[in-house]
Novice: 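This is the structure, below, for whatever I ask next.
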Amino acid sequence: MVPSSIYHELAAQVMAGDSKIVPELLAMIADEEEARLVLAASPPATAQELAERSGIELGKVERMLPVLFKKGLVFTSRKGGATRYYRVRHLLQLHDATILWKEAPKEFLELWKKHTREELPGYLEAVQGALASPVVRVVPVGASLDTKSKVLAYDEVKGLIDEASRIAVTKCTCRLVDGGCGKLLEACIQLGRAADYAVERGTGRELSREEALELLEKCEEEGLVHVSENKSSGGHVICNCCSDCCVNWPSVRMGLRGFVAPSRFQARVAEELCDGCELCVERCYFGALTMAGDGGSRAAVDGERCMGCGLCAVVCPTDAITLGEVRPQEFIPIG
């Protein structure tokens, strides 16, 4: 069945106007009246204002909004003493919010999987040129940083944890949809306002700092790359990404560096310490490490490919690999 025009209109509002699949996803999660209310929620508005905009009776609007919040289609803002609601703003936000909807049927997740495989690469290519700065950035493993480097707190994943007003964890939306790798599912760390949202919505559980740091260590052991939003303040999310399920990596593999920024760091190999075990080569997602030297006896780093995650250093048995600061970090301005 072809979705009605209202779903195509809503798809266009989340920057997926050319998609054939996103209108189907929206039709699965919202009926037409709900879609009309979501469309009305831009700019942010109170329930009374939304009733006036949508033509839906106020009492019904007030019953619908908590449901749409749980589904991940509207969000809340509580500035100036009034609660205002605003619609999901873009495709990746739609992806992350709706996949965690607790009542999502299997067919809904399967359709997201189809979108990831068939439409996401084209979407990433299309939006890259419009981005002022990359949307997300790799965050290095703290243990691998060169101790001679001057590292700002927000460049180290532990620093993000230490500064957070609140911490929560949700399931990884990418592995919830795919999951073929079998890696840790409950691994997406929410900080500050993002944690408040996850706990309020019931899609995440609160963590202590000690629990969050233990989770980060477990993610590093599993070979997951830390990725955060490309901003220096606000409610952060620390994704712990696997090599095959994650929606961040298609752009990197396509050579689209405008979407995912590397960290400020790059792997460095101390040749005199490298024993040629090749564990780092096996661990790297990005093909940045190869064996060089006489007979391929030591590891070498391709700086063009290295994303500065530090997972190679985690598995190095001789501590031959560290991360050194090589580039400035550019953040999206916070408005």
Side-chain angles (χ1 to χ4, degrees), residues 72 92-93 95-102 104 106 108-110 112-113 116-117 120 135-144 156-162 164 166-192 194-195 197-199 201-229 235-253 260 263 279-286 307-316 323:
L92 295 181
Q93 188 181 46
H95 174 278
D96 288 349
T98 62
I99 287 170
L100 290 176
W101 173 38
K102 288 189 173 182
K106 182 180 178 180
F108 183 73
L109 300 181
E110 286 295 326
W112 266 119
K113 185 175 182 178
T116 300
R117 293 179 175 177
L120 182 65
V135 176
V136 295
R137 62 186 174 98
V138 171
V139 184
V141 174
S144 63
E156 186 182 351
V157 71
K158 183 178 181 296
L160 292 172
I161 296 291
D162 288 341
R166 192 179 196 181
I167 308 167
V169 62
T170 68
K171 293 179 180 178
C172 167
T173 54
C174 300
R175 288 193 286 280
L176 193 59
V177 165
D178 194 321
C181 66
K183 298 287 187 179
L184 185 66
L185 184 58
E186 192 183 46
C188 194
I189 298 175
Q190 318 285 316
L191 305 177
Y197 168 70
V199 172
R201 192 178 166 213
T203 55
R205 62 182 180 88
E206 194 159 1
L207 296 181
S208 67
R209 279 172 172 73
E210 292 73 21
E211 289 172 327
L213 292 173
E214 288 174 6
L215 177 57
L216 285 174
E217 289 181 9
K218 188 173 182 180
C219 289
E220 290 168 11
E221 290 170 2
E222 287 207 9
L224 303 176
V225 172
H226 306 315
V227 176
S228 183
E229 294 152 292
H236 278 280
V237 175
I238 302 173
C239 298
N240 291 289
C241 301
C242 59
S243 61
D244 54 351
C245 304
C246 180
V247 300
N248 290 320
W249 306 139
S251 63
V252 175
R253 295 186 181 114
V260 182
S263 77
L279 289 176
C280 58
V281 176
E282 296 172 6
R283 175 62 75 97
C284 183
Y285 288 12
F286 312 108
M307 296 294 285
C309 67
L311 284 184
C312 53
V314 172
V315 296
C316 181
L323 292 186

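Just so you know, residue 1 is the first one in the sequence shown, and it goes up from there. For clarity, every value in this text was computed on a predicted model and none was experimentally measured.
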Novice: Considering only heavy atoms from C-beta outward, does the side chain of I238 approach that of L160 to under 4.5 Å?
Specialist: yes

Novice: Give a yes or no answer on whether the side chain of R201 reaches the backbone of A97 with a donor-acceptor pair at less than 3.5 Å.
Specialist: yes

Novice: Taking all non-hydrogen atoms of both residues into account, name the closest pair between L184 and C219 and its distance.
Specialist: CD2-SG, 4.0 Å

Novice: Applying the side chain to side chain contact (heavy atoms under 4.5 Å, CB included) criterion to C174, which one of I99, T116, V247 satisfies it?
Specialist: V247

Novice: What is the distance from atom CD of E220 to atom CG of L215, rounded to the nearest 0.5 Å?
Specialist: 10.0 Å

Novice: Kindly say whether A164 contributes a backbone atom to a donor-acceptor pair with the side chain of R209 at under 3.5 angstrom?
Specialist: yes

Novice: Is it true that atom NZ of K171 has more than 12 heavy atoms of other residues, nucleotides or ligands lying nearer than 6.0 Å?
Specialist: no

Novice: Could you state the interatomic distance from CG (D178) to CD (E110), rounded to the nearest 0.5 Å?
Specialist: 9.0 Å

Novice: Sequence neighbours left out, what passes side-chain contact (heavy atoms from CB on, under 4.5 Å) with D96? Give chain and number order.
Specialist: T173

Novice: For T98 and G72, which heavy atoms make the closest approach, and how far apart are they?
Specialist: CG2-O, 4.0 Å

Novice: Is any side-chain heavy atom of L120 less than 4.5 Å from a side-chain heavy atom of H95?
Specialist: no

Novice: Roughly how far, to the nearest 0.5 Å, is the CD atom of E186 from the CG atom of L176?
Specialist: 11.5 Å

Novice: What is the minimum heavy-atom distance between C241 and V227, and which atoms define it?
Specialist: SG-CG2, 3.8 Å

Novice: So do the side chains of V237 and C188 get within less than 4.5 Å of each other, counting heavy atoms only?
Specialist: yes

Novice: So do the side chains of H226 and N240 get within less than 4.5 Å of each other, counting heavy atoms only?
Specialist: yes

Novice: Is it true that a side-chain atom of Y285 and a backbone atom of W249 form a donor plus acceptor pair closer than 3.5 Å?
Specialist: no

Novice: Looking at V225 and C309, what are the two nearest heavy atoms and their distance?
Specialist: CG1-CB, 3.7 Å

Novice: Where is the tightest heavy-atom contact between E221 and R283, given as atom of each residue plus distance?
Specialist: O-NH2, 3.6 Å

Novice: For K183, give me all partners under side-chain contact (heavy atoms from CB on, under 4.5 Å), at least two apart in sequence or on another chain.
Specialist: R175, C181, E222, L224, C242

Novice: With the side chain counted from C-beta on, respond yes when M307 and V260 share a heavy-atom pair under 4.5 Å apart, and no when they do not.
Specialist: yes

